[in-house]
Amino acid sequence: MKEALEQLLATAVATLQSQQTLPTDLPVRIQLDRPRDKSHGDFATNLALLLAKPASMNPRVLAEAVIAAIPANTLLEKADVAGPGFINFTFSQQQLVQQLERAYADDKLAVELATTAKTVVIDYSSPNLAKEMHVGHLRSAIIGDAVARVQRFIGNTVIAQNHVGDWGTQFGMLLAHMEALEGDAMAMELSNLETFYKAAKKRFDESEAFATRARELVVALQSGDATCRALWQQFIEVSLSHCQQVYDRLGVQLSRADVMAESAYNDDLAQVVADLQAQGLLVEDQGAQCVFLDEFRNKEGDALPVIVQKSGGGFLYATTDLAAIRYRQNKLHADQVMYFVDQRQGLHFQQIFTLARKAGFVSDSVQLDHYGFGTVMGKDGRPYKSRDGGVTKLADLLDEAEKRAFELLQSKNSQLTEAEQQHVAKVIGISSVKYADLSKNRSSDYIFDWDTMLSFEGNTAPYLLYAYTRVTSVFNKTNIAAASISAPLLLEDERELALANLLVRFNETVYSVADKAMPHFLCGYLFDLAGAFSTFYEACPILAEPREDRRLSRLKLAALTAKTLKTGLSLLGIETLEKM
RNA sequence: GCACUCGUAGCUCAACUGGAUAGAGUACUCGGCUACGAACCGAGCGGUUGGAGGUUCGAGCCCUCCCGAGUGCGCCA
């Protein structure tokens, strides 16, 4: 609907230009906003305000002229000039109903496919395999997964890349510890990666001989020593299967096939450096191979270096990231690469992107974006920690979420059996954690609070899940199937209209998430939708409505709401419940 | 020291990236179950958007300067 209106406006502007009312040499960008105030119609444009000065006209007069130049159509009910020169548009109800009927009849709610399908490489999760996944790994996995789902939904080809860290210097220490243990003892120790890492670290810090051995093993590993590689392989296997368990519990759609580890780029690293050398970008400084970029300067105004090879000959993550960019363009044929990595690596990615372009590793047509995110904080405003002050393992966090959800259910005199409650508690627990994260602005820090996220009040997963079960329970009390109501929609009550106006915005909401990589737009939308449904539900009887045409219309509205909630939540990676 | 991010109701968060009277939830105060799930809904209270200037028809958003917080700045990733 927005696109159609944009088209009408473009035609109007062209007409005014041909009439010399507007200067023809002016690039016109049509901006359409959803007004905050409902009395301002469905859409508003500031077109006349922007063009008033160059056209040397009074903005309100110009707005009138724009309205007069809009071609005849069935889209609009009316267009009014308001305030200093805004134009407010109201869609015709016929148009609204038509749009809703299309959504009702379509599996994908009539969400349009992207005009040109792109191949989008999404780098997300990417934990370091040396340790168990902890709370710091939550955001990348959840947000990246939601954006991946949205990108697929609008028809883009998504290639997930789980750029796991399996090649860093800590692996020497881990291998040395493995080497010192034997068979069963090692298997047992490996069953808890966290304690394994700590034990290895302790020996590394305390024993000089052990530390020396650890350094030897890094070199051995990276130069391809067979026994060393076998040990390493065994460790990686344990760690990856642990990650997979977490993904499965979280409902994050990553699998082994998406793993493209740091080590996979190993053979290309020397080539990356050689290519930088060949282009004259490389400078040796204090024994290290660096590229100095003019775009980034320090306090003295000197260019900052990107170090691609250590004085000892080793490569760094900058080198690996450059190799990965090349791979993503040349082998994966990416049109766009999205990185969901902690905000703190912002400078690193700016440097890498700049360097990759300068070195010709990636063409200008490939879009590279780092989407950073803030830190998960405790209620004290400090980074989230477990009770003992250590980092919280993700597995433990999810255990606690499920446990708390189960206790919550028990306190609500649920009608469900014990077994059903177990399942429902899992869904509520996990989705509460995910939703609490997704509903916050991606780029800022947020405070992790069990009580808020597990509440049925406010913008939370339990509230949305509950709203969904309320809708579906209506259909459990009738023999009319939710998907096969042929009666037309009648929007007579203001609350029906409000709900309808929200339902029709699903398309643009999905696109705003895809464009900005901001899942919280969708959360806000679903919360508004659930609220509008609750209001409607309280005020407008559905099954008890005596007039049949109205009863069927309301059922259809309820069915479309359920479908939109379910689809929207699924795009966030959250599953719905039929009863709870 | 330099760079980036942030500062919105007591608290947790929005504000569609420059639009109209800054909105939700929570807490607090009222009201609503002999209609489909009250795990809900409705109403009220609550603001000098950290401060001061500036840009323009219009600023929470852009620019400058202060105040406060966080993060990053050569061989970890």
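A, B, ... follow the sequence lines: proteins, then strands. Residue 1 opens every chain. Keep in mind it's a predicted model, so treat the numbers as computed, not measured.
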Under 3.5 Å, is there a donor on one side chain and an acceptor on the other for A:Tyr446 and A:Asn441? no
Below 4.5 Å, heavy atoms only, C-beta onward: do A:Lys201 and A:Asp205 meet side chain to side chain? yes
Any residue of residues 530-541 of chain A with a heavy atom less than 4.0 Å from an atom of RNA chain B: A:Ser534, A:Thr535, A:Tyr537, A:Glu538, A:Cys540, A:Pro541
Please list every donor-acceptor pair under 3.5 Å in which a side-chain atom of residues 513-521 of chain A meets a protein atom from a residue at least two apart or in another chain.
none

May I ask you to say what A:Met518 touches in the nucleic acid, namely base, sugar-phosphate or nothing, with a heavy-atom cut-off under 4.0 Å? base
Using a 4.0 Å cut-off on protein heavy atoms (strictly under), produce a 5'-to-3' string for nucleotides 72-77 of chain B with B for base contact, S for backbone-only sugar-phosphate contact, and - for none. SSBBSB
B:rA20 base stacked by A:His40? Criteria: ring centres under 5.5 Å, plane angle under 30°. yes
Remember a base hit wins even if backbone is also touched, and classify A:Asp321 as base, sugar-phosphate or nothing at under 4.0 Å, heavy atoms. nothing
Starting at CG of A:Asp437 and ending at P of B:rA14, how long is that distance when rounded to a whole Å? 11 Å
Could you classify B:rU49 for me, syn or anti, using a glycosidic angle within 90° of 0 as syn? anti
Please, which pairs that meet side-chain hydrogen bond (donor to acceptor under 3.5 Å, both in side chains) have at least one residue in residues 312-322 of chain A, sequence neighbours excluded? A:Tyr317-A:His348, A:Asp321-A:His348
Using a cutoff of under 3.5 Å, can you pull out all pairs of nitrogen or oxygen atoms linking the protein to nucleotides 25-31 of chain B, with atom names and distances?
unit_1	atom_1	unit_2	atom_2	d
B:rU26	OP1	A:Glu457	OE1	3.4

Less than 6.0 Å separating the ring centroids of A:Tyr371 and A:Phe340? yes
Taking the side chain as every heavy atom from C-beta outward, state whether A:Leu355 and A:Leu276 have any pair of such atoms under 4.5 Å apart. yes
Looking at every strand, decide which applies to A:Ala558 at a 4.0 Å heavy-atom threshold: base, sugar-phosphate, or nothing. nothing
Which is true for A:Pro35 with a 4.0 Å heavy-atom rule: it touches a base, it touches only sugar-phosphate, or it touches nothing? base
Using the P atoms only, state how far B:rA24 lies from B:rC45, rounded to an integer number of Å. 12 Å
Under a plain distance cut-off of 3.5 Å, with no hydrogens placed, do A:Lys566 and A:Thr576 share a side-chain donor-acceptor pair? yes
Hey, is A:Tyr466 doing a stacking thing with B:rG37, by the 5.5 Å centroid and 30° angle criteria? no
Qualifying side-chain hydrogen bond (donor to acceptor under 3.5 Å, both in side chains) pairs, either residue in residues 133-142 of chain A, two or more places apart: A:Arg139-A:Asp437
Aromatic centroids of A:Phe533 and A:Phe536 separated by under 6.0 Å: yes
Where do N or O atoms of nucleotides 56-61 of chain B meet protein N or O atoms at under 3.5 Å, pair by pair?
unit_1	atom_1	unit_2	atom_2	d
B:rC57	OP1	A:Lys53	NZ	2.6

Could you tabulate the donor-acceptor pairs under 3.5 Å formed by side-chain atoms of residues 55-64 of chain A, not counting sequence neighbours?
unit_1	atom_1	unit_2	atom_2	d
A:Asn58	OD1	A:Arg60	N	2.7
A:Asn58	OD1	A:Val61	N	3.2
A:Arg60	NH1	A:Gly83	O	2.5

Taking OP1 and OP2 of B:rG37, is either one under 4.0 Å from a side-chain nitrogen or oxygen of A:Lys477? yes
Report yes if the distance between the aromatic ring centroids of A:Phe448 and A:Tyr384 is under 6.0 Å, otherwise no. yes
Would you mind reading off the distance between A:Phe349 atom CZ and B:rA3 atom C1', rounded to a whole angstrom? 18 Å
Please work out whether the ring planes of A:His163 and A:Tyr265 are parallel, tilted or perpendicular, with thresholds of 30° and 60°. tilted
In chain order, what residues pass the side chain to side chain donor-acceptor pair (under 3.5 Å) check against A:Asp549, with sequence neighbours excluded? A:Arg547
Whole-Å distance between B:rG37 P and A:Glu578 CD? 14 Å
Which whole-number value in Å describes the distance from A:Ile447 CD1 to B:rU8 P? 11 Å
Please report, rounded to the nearest Å, how far the C1' atom of B:rG18 is from the CG atom of A:Leu32. 16 Å
A:Lys78: which residues meet the salt bridge (Lys or Arg N to Asp or Glu O under 4.0 Å) condition with it, sequence neighbours left out? A:Asp80
Ring-plane angle category for A:Phe353 and A:Tyr339, please: parallel below 30°, perpendicular beyond 60°, tilted otherwise. tilted
Contacts under 3.5 Å, N or O only, protein and nucleotides 43-49 of chain B:
none

Students often get this wrong, so: under 4.0 angstrom with heavy atoms, is A:Leu522 touching a base, only sugar-phosphate, or nothing? nothing
Just jot down the side chain to side chain donor-acceptor pair (under 3.5 Å) partners of A:Gln309, sequence neighbours excluded, or say none. none
For residues A:Phe171 and A:Val218, determine if any side-chain heavy atom of one lies less than 4.5 Å from a side-chain heavy atom of the other. no
